[in-house]
Each structure stands twice: as structure tokens, then as C-alpha cells.
Amino acid sequence: MPDLLDALNPAQKLVARTVSGPLLVVAGAGTGKTRTLVYRLAYLVARADVPPENMLAITFTTKAAEEMRQRITSLCHDGLDLSAMRIGTIHSLCYDILRSYGSNINLPADFTIISPPDRLSIIKNLVNTFPDESGSASPRKYGLHISNEKNALVSYEKTTPLCRAYQEMLERQNLLDFEDLIIKTLELFRTVPAITAELHSRFSHISVDEYQDINAAQYSLLRSLSSPLQNICAVGDADQAIYAFRGALVENFFNFQNDFPGAQVIYLEQNYRSTKTIISAAQQVIKHNKQRVEKELHATRTPGAAIEIWHVPDEIQEAAFVAREIERLLGGTRFETMSSEQEEYVRGFSDIAVLYRLHTQGRQLKKALQQKGIPVEVATTRLLYEEPEIKPVIDFLEVIQNPHNDLALAEILTASSSAIGPKTTEKLSLEAARKGCSLFNVLLDICFASEQPRHPGVRLKAFMDLLTGLIKQSSVISLDKLIREFWEQMFTAETDTHDKLLELITSAMPFCHGPAAKGIPAFLNKISLLKDGETFTTRGEAVTLMTVHGAKGLEFPVVFILGLEDGLFPYRLEQPGGLENDEEERRLFYVGMTRAKEKLYLLHAQNRFLFGERKKMTPSVFLNDIPPAFTNKQHKNPSRKNRKSPSKQMKLF
DNA sequence: CAGGAAGAAATTTTT
DNA sequence: TTTCTTCCTG
């Protein structure tokens, strides 16, 4: 009879067979940790007689939870049933705990989770109420600040008045934010030990994936949750700790053996994902990291193709290069027949990924590749209404809906850079407060005043002429026309219609019957939930474009990494010294470590962000006013360090 | 105007 | 943790 664990290597088997006591699995990238974890769970049930309902598997993302569930389902046959096992994110677990036991800490039974846009608007109000404290921080930024404070478990007494006001606001409305899910559960554990005990007996075996990414709050919760039996299995890789900026503490990973005395440590070092070339390149670099658990990844695959580093003069040629290479790899565009040169590991566009650090890079690249007939799918996390190009449009619609919406109007004004900027807006807002009327009325007054101050006045007048004109039109023309009209007036400098705008208009289609004024309220209500990219379902055969962060844990046969000079730098790498000054070599790590099966290109554009390509869509553009600072940049750009002769190719390893 | 210091922005998940 | 921007100094 074949053993359940036959498919595993010795180290993986060891993990699966460790039934009790604390266990730390130090798992390198591509070592099959999810698979191992799933086999372990199956083993616990099948061989160690742990009832599945006593098991809890915690993942970091819903996507990871879903993957684990699927793997478990496909593993379960021959009478093995793991469906009673609890698999999910720590947030979903807390949500359920609070639903069941929240009344013990006076949490109303009908609490709801605040939606991100609602949260943003609460914070927007508070930022205005506490101008001194927030300084010039945007509501969005301040929202992140609040999250970080809460994730770090900063006590209520020590937080700022704004944070406290925010918290009181939520409580008054029976709302919890995502951080509260953890914090309130901790509070519940502290206040009612009986519930903790009950959960201890419910979940005797706990597994935690991506342990290196947990923050202070999650750590406390996991500690409280782990039973006195301490059957806790933590899996992680310190070398993949890339979320420190949002409060993740790798220290938790290093401290595991202190936190759970007698913990066994098992290393998974057989990499099944990448070629030997990529792994050795990655190892060269990663071994210089300061804080890490020593481990040596062993390649199971052949050396594979060499890593190529290309230097291109600028990002336009960078895009052209990527397009050309993709065509070459696929043997011409999709309309041509496959040529003999087609490389066998690339079967289609979806086998190719292009990574970069910043989303802005993706947008530009998308345009460039699509123009060459290459289908692309851009992975974004941002909500459509949060995109910098779209934000002013939404604000505009809000002002159309209600011209006296001072927040939205101020937002539009503040977004412009030179003449109507934060300073002018602030003055105008103060004026409004003094007069006790809306910002809109103040603007009207200024525009109708006989003498106009030279500088902001002219622009304000132009702005108000446009705005009032469009408000009038909104009761006549349809929503899509109104948006287009606004866009064209606003961004005359833009010749081509923006992709994001098209997405917005597509999602507005259901609300485009009749005059815009009628459709706007319903549309605004809906837009807050739209994620960028969800309006067009381009699923399928397309090149994937995403940030390096977004690519964590994924794999593609061919990977292009853009922008070596723009921050594709391993976050946890030590300062220069370890590897002399070989920039490229050091920069290999991050990428090679986590992805790319066969072929990896690193692109180095010497002159990234050319004039005109990075232009922000602000009302100042609409006013035909190019800020002087922006014009100057053109001359500054060429003086960069580390210049290399263009289009020089070198092969490593 | 070169060069440095200091601050800001960027990477993102959770019902 | 890195890069970009802004402001200041000699």
C-alpha cells in the first residue's frame, strides 16, 4: 500500500510527520511549502488521528487560503475528509470569533466592517478637523498611519487625538476596521479567559503560513491562540520578508524558538521552482543579508538559460525591447505562424511576466506593449477611484452632484500644482469658514468680483467657468459625455484617451441613460467598490504586468524585470560592502529568489521617466500651465551616475 | 551650482 | 529600504 507521504522528499516528510509540539519550518522559496503543509495536515488526520475540526490553518491572504483549500480537496480521496478543518486568514477567523463571542466585550451583535471608501471619507473629515496634527498628510496616507499604529498595538492612551476621534467615530456607528478585528479579539481573550480556553480545546493544532510577515497584533493573537499543548507549526522564510514597511516583524520568525521552547526546526532547501542558474545567482546575493537564518537552497533543475542584463537608453526603448523579445520568444505575433525559433518553454503570452517596482511604470508599459499588438494584463491592487488620474474625475462628479461638497472641491483644487495649490485652497477654505458659506460660493464671489488679483484669480475664473458650465450641462447630456467633456477640458495636453478613463466610462455605462445628473448618485455609490482592471475581463492569453511585490510566490517561465536603477533593490540586503560595487549582481537577488523558471531578463534604462511620460494629470495641465520646475527636469535628467554604454548585453553565470 | 541634509513617496493585505 | 525632491550652504 503506497504511503500518503510518498510524494514528499525526506525533509518534507519530516515536517509532515511532526505531529506534536512547536515546529518551525524554515522554507526557502520554491521548496513546496504549501504542498508540504497540506500533506502534513492530511497526515495529522489520517495517521495521528487528530480530528480535522481541531485543526486551524492560517494563511496571510485569501488567495493563499483558497489555494490551500484546493490542494486539500484534490488530496482528499480514499475516505479522507478534511472539510471540517478551518482554513482561512487570521482576519476571517477573528471575524467569526467576534460574531460568536463579541457580546462578552460589549460589541454589538450587528457590528459591520467599514468599507475602505467609507473609512477614507471619515478620515478625510477628521484630517480637516485636526489640521495641526495631520499636517499636510493626505487622508489616504493618514489612514495608513492609523492602520500602522493599530497593527503595532499602540495603546489608546498613547495615540493622537485624531486616532482617538477616529476610533470613537467607528464605535458610535457600530463599525470595525480590519485592524479592529484583531485588536478586539485580543481584548476578548484578555477579558474572558474562558473563551480562550474554549478555543484552545477547539483548535489543538495550528499551522501558520508566511510567519515572517506577521505584525505585532497578529503575533499576540497567535500566541494567545496557541494552546498550552503548543502544537503550533510556523512556516516561513526570513529572506522573503518584504512587508516590514507595513508593520511585519521578521523578528517574530527569529524568536520562534524562544517563544515556543523546545521547538523543532526543519529546513526545506530543495528548490523545485527555479533553474540552477537563477538559484545560484540568488544565493550569491542573498547570503549577504544581515538578519537571516542560514540556509542553502539546492536546485533540482538544470542550469537553464543565462540571466541577461540589458542596458537601454530610455524607457521607450525599454518597452520596445520587451515587445521585440516577446515577439521573438513567441515566434512572431499571434497572427503569424510559429517559427522554428520559438523557444519551447514559452507557449503563450501568459507564460511571460514583466515586473517593475512602481505601478506608474506598468501603465506606461501597458500602453507601449498594446500598441505593438501584445495583449497585456496589468495586476493592480488599487481601487479604480483611487487612481491618480481618476480621482479628480470622481471628485468632479461629487461636486456636480453637490457643488457645496467642500471636501471634493478642495480636493480638485489642491490637486493642481502651481497657481491653484494647497496654499490657495487653504486660504479659500478659511475664507469660507469665516463667511460661513461653502467653498463653492467663495469661489463664485471671487470670480464675480470686479478686480481680480493677478495670479490665482485668472486661473480660478477659468476653473469656475468650466465647472459651472459643466454643472449646467449635467442636466442635459449623459454621464459618459459629461465625463468625456470634463476630461477633454481638463487635459487638453493629452492627445490620446486614457485607458483608465475608458475603464471608468465602461463601468459607468449602466448609468448613462438620461441626463448625467440623474445617473451620478447611483454611479458614485457603485464606483467605490470597483477595482482597477475588473471592468475589462481580459483574462487568459496575456502578458502579466505587475509590481515585484505582487509577484511574490508566483512563477513564470520568462520574466522581465524593469528599472534596475529605480529601486528594484532587495529590501533586506546589507549596505554596499558585501559585494563591492557590482550593482547588477546585488540587484539580482530579489527577483531570482522568488520567481522565474527559465529565463530572466534584467533591464536597465539609463534615462527613465522622460519628459512628458510621467506628467501628472492635474488641473494645472488642463489650465495649459506647465509648471516651471517640470520643464527644467528635462535638462537635469541626463546627469546620472552609473552610465553604461547603450544596448550593451552581458551574461551572468 | 555642486553637494548634502532632511523629508516625502513608494512597495500592500485584511469581511 | 531606496529614490526623488526640496531646501540650504559655501
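By convention in this document, chain letters (A, B, ...) are assigned in the order of the sequence lines, proteins followed by strands, and residues within each chain are numbered from 1. Worth knowing before you read on, the calculation uses all heavy atoms, side chains too, and leaves out hydrogens, waters and symmetry mates.
Stacking annotation: A:Phe60 is not stacked on the base of B:dT13 (requires ring centroids less than 5.5 angstrom apart and an interplanar angle below 30 degrees).
Remark: the A:Tyr211 side chain and the A:Asp237 side chain contain no N/O donor-acceptor pair separated by less than 3.5 Å. Counted by atom type alone, A:Ser83 and A:Arg69 present zero donor-acceptor pairs between their side chains at under 3.5 Å.
Within 4.0 Å of A:Thr62, counting heavy atoms only, lie sugar-phosphate atoms of the nucleic acid but no base atom.
Taking atom P in both B:dT13 and C:dT3, the straight-line distance is 23 Å, to the nearest Å.
In this structure, of B:dT11, B:dT15, B:dT14, it is B:dT15 that holds the atom nearest to the side chain of A:Tyr95. In this structure, the nucleotide among B:dT15, B:dT12, B:dT14 sitting nearest to the side chain of A:Ile113 is B:dT15. In the set B:dA9, B:dT11, B:dT14, B:dA9 carries the atom at the smallest distance from any side-chain atom of A:Lys141. Picking from B:dT15, B:dT12, B:dA9 the nucleotide with the shortest atom distance to the side chain of A:Arg246 gives B:dT12.
Following rounding to the nearest Å, A:Lys63 (NZ) and B:dT12 (P) show an atom-to-atom distance of 13 Å. Between A:Asp213 atom CG and B:dT11 atom C1' the separation is 13 Å, expressed in whole Å. Rounded to a whole Å, the CD1 atom of A:Ile114 is 13 Å from the C1' atom of B:dT15. Rounded to an integer number of Å, the gap from A:His549 NE2 to B:dA10 C1' is 9 Å. At whole-Å resolution of the value, CD in A:Glu210 and C1' in B:dT12 are 14 Å apart. Taking atom NZ of residue A:Lys150 and atom C1' of nucleotide B:dT14, one finds them 13 Å apart after rounding to whole Å. As a whole-Å value, the separation of A:Asn148 CG from B:dT11 P is 15 Å. Nucleotide B:dT15 holds its P atom 13 Å from the CD1 atom of A:Ile58, rounded to whole Å.
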- Message: A:Glu210 vs A:Lys33, test: salt bridge (Lys or Arg N to Asp or Glu O under 4.0 Å). Steps then yes/no.
- Response: CA-CA 10 Å; A:Glu210 307 284 12; A:Lys33 71 178 155 77; 3.3 Å; yes

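Counting heavy atoms from C-beta on, the side chains of A:Leu176 and A:Thr112 never come closer than 4.5 Å. You'll find the side chain of A:Leu355 reaches within 4.5 Å of the side chain of A:Met546, heavy atoms only.
Each of A:Leu144 and A:Leu181 lies near DNA chain B, and the nucleotide nearest A:Leu144 is the one positioned closer to the 5' end.
Phosphate proximity of B:dT15 to A:Thr89: present, with a side-chain N or O under 4.0 Å from OP1 or OP2. At B:dT12, one or more side-chain N or O atoms of A:Thr547 fall inside 4.0 Å of OP1 or OP2 (strictly under the cut-off).
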